[in-house]
Amino acid sequence: MTTAVVPKRLTIERQGSDFVKYEDKVVEGDTVIVYVGYNVMHAIQVQRGKSLTMKYGTLRHDYVIGKSYGTRVSATAGFVYILRPTSALWTKTLPRRTQILYTPDVSLILTLLDVRPGYVICESGTGSGSLSHAIAMAVYPDGHLYTHDIEESRVKSVEKEFKDHGLENNTTAVHANACEDGFFVENACDGVFLDLPEPWSAVGHAKRAISRQRGGRLVSFSPCIEQVQRVCEELEKHGFVQIQTVELVPRSLKIVESETLTLEQFNKTNAPGGIPASKSTDDEEVVKAKRPKLEAEDDESMDEPGATPPTSYTSSYATVIPFPAQQPTHTGYLTSATLLP
């Protein structure tokens, strides 16, 4: 174990773009995001002589070199766009070595960890490196990420990706079992993230890794509530405070066009047989009917403390409904805690 942060490595700077350095045009060796369509993207490392086969035929890497980022490029059966890589786009396109964390959870984890430039963060386990890239970019340029994984092949893969993406000076990939061996640093980091089958076994090691002078944050991701219970018990034993668990469940909504009139309004604005009634009163009633009105406007129960707001809001012409009807719900529970200095 060591209490010192690994110094930046002396590397020869490669020409071109990466995750933290932008150039206008694509250079051979760049990692490029090929945008095919909504939620259909591919990440390629541009090399002469290679090709990408996808929905719109074949895209030769040679055609990409020298093109400006954001432009449209011809493939053999259509057009695609070439984009600069970001951690969010990398999450959508990275090679899946394990189940990954997606952008909604990643953004919340960064918030709960209170990550900022210059911070030192420990992560276990690395997996496919989705969160690792986001943390590395969040602590850039002076911070450092120590990411640990029990599988050596995953460590080597993410280490190569860090180098290709210009993040090698701010990251250290460690082959270790955090539950048994602990973390690479002690009394040095500002935050610890755990994504482990038995995260409670690593809480003691995490406490030793966090700086005693500055204190820090701990966040644990677990899919099962039984894991959460054991983690919370262990956090309390080791003196962590502000322990809380949240679940992030995104919900997409859509406005649906629909006219809604009460029977009273319908009778006043329509004569028998479909012939309109006199306009002296009808126009006034129609205007009132068309005015958007929330379902809860006249509901006195909403004034009571703790009253639950309605799940949908209806106007004369529109209703907000969940869309699509089937949506993913549970990804996992995020337990966060603070270790005071």
Side-chain angles (χ1 to χ4, degrees), residues 1-3 97-102 104-115 119-132 134-135 144-152 154-155 158 172-249 329-341:
M1 297 297 177
T2 177
T3 58
R97 295 182 284 268
T98 60
Q99 178 64 39
I100 71 169
L101 291 170
Y102 288 93
D105 285 313
V106 168
S107 59
L108 182 56
I109 290 167
L110 294 179
T111 301
L112 293 174
L113 278 175
D114 194 24
V115 179
Y119 270 25
V120 178
I121 304 294
C122 283
E123 176 196 18
S124 185
T126 307
S128 298
S130 170
L131 178 64
S132 307
I135 295 176
H144 206 91
L145 167 69
Y146 297 92
T147 181
H148 307 67
D149 200 282
I150 196 172
E151 186 67 42
E152 187 176 6
R154 292 198 289 260
V155 172
V158 79
T172 300
V174 183
H175 176 216
N177 184 344
C179 295
E180 296 179 1
D181 307 324
F183 294 91
F184 187 75
V185 295
E186 287 188 0
N187 188 27
C189 67
D190 301 281
V192 175
F193 175 76
L194 304 176
D195 185 3
L196 304 168
E198 299 181 356
W200 53 88
S201 302
V203 170
H205 297 302
K207 180 179 180 180
R208 287 190 288 274
I210 295 174
S211 169
R212 290 188 288 273
Q213 291 74 31
R214 301 188 303 272
R217 295 278 292 167
L218 181 146
V219 176
S220 175
F221 176 89
S222 299
C224 302
I225 195 64
E226 292 80 8
Q227 294 170 308
V228 172
Q229 292 170 338
R230 293 196 62 175
V231 167
C232 290
E233 292 172 358
E234 200 67 22
L235 288 170
E236 290 180 354
K237 290 180 183 178
H238 283 85
F240 284 83
V241 297
Q242 294 180 326
I243 302 171
Q244 64 173 358
T245 300
V246 297
E247 181 184 21
L248 180 62
V249 183
T329 54
H330 178 80
T331 55
Y333 300 104
L334 289 171
T335 300
S336 62
T338 300
L339 185 66
L340 298 176

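We use all heavy atoms of the structure for the numbers below, so side chains are in, but hydrogens, waters and symmetry mates are not.
- Ring centroid separation for the pair Tyr146 and His144 comes in under the 6.0 Å cut-off.
- Side chain of His205 to main chain of Cys179: a donor-acceptor pair is present (N/O by atom type, distance under 3.5 Å, no hydrogens or angles).
- Leu145 and Ser132 make their closest contact through CD2-O, 3.3 Å (heavy atoms, listed as atom of the first residue, atom of the second, distance).
- Shown here are the salt bridge (charged side-chain N to carboxylate O under 4.0 Å, His left out) partners of Asp190, two or more places apart in sequence or in another chain: Arg214.
- Residue Phe240 comes nearest to Leu218 through the heavy atom pair CE2-CB, 4.0 Å, listed as atom of the first residue, atom of the second, then distance.
- Partners of Glu247 according to the salt bridge (charged side-chain N to carboxylate O under 4.0 Å, His left out) rule, which considers only residues two or more places apart in sequence or in another chain, do not exist here.
- Among all heavy-atom pairs drawn from Cys232 and Ile243, the shortest one is SG-CG2, 3.9 Å.
- Closest non-hydrogen pair, Val185 versus Ala188, comes out as CB-CB, 4.0 Å.
- Sequence neighbours left out, not one pair with a member in residues 330-341 passes salt bridge (charged side-chain N to carboxylate O under 4.0 Å, His left out).
- A donor-acceptor distance shorter than 3.5 angstrom exists from the side chain of His175 to the backbone of Ile150, with no hydrogens or angles considered.
- Among pairs with a residue in residues 215-236, those fulfilling side-chain hydrogen bond (donor to acceptor under 3.5 Å, both in side chains) read Arg217-Ser336, Arg217-Thr338, at least two apart in sequence or across chains.
- In this structure Arg212 satisfies the salt bridge (charged side-chain N to carboxylate O under 4.0 Å, His left out) test with no other residue, sequence neighbours excluded.
- Between the side chains of Thr245 and Thr335, at least one donor-acceptor pair of N or O atoms lies under 3.5 Å.
- Residues passing the side chain to side chain contact (heavy atoms under 4.5 Å, CB included) test with Ser128 are Leu94, Arg97, Thr98, Ile100, sequence neighbours excluded.
- At least one donor-acceptor pair closer than 3.5 Å links the side chain of Ser130 to the backbone N or O of Leu101.
- Using modelled atom types, no side-chain atom of His148 and backbone atom of Phe183 make a donor-acceptor pair closer than 3.5 Å.
- For Phe193 against Leu113, the heavy-atom pair with the smallest separation is CB-CD1, 4.1 Å.
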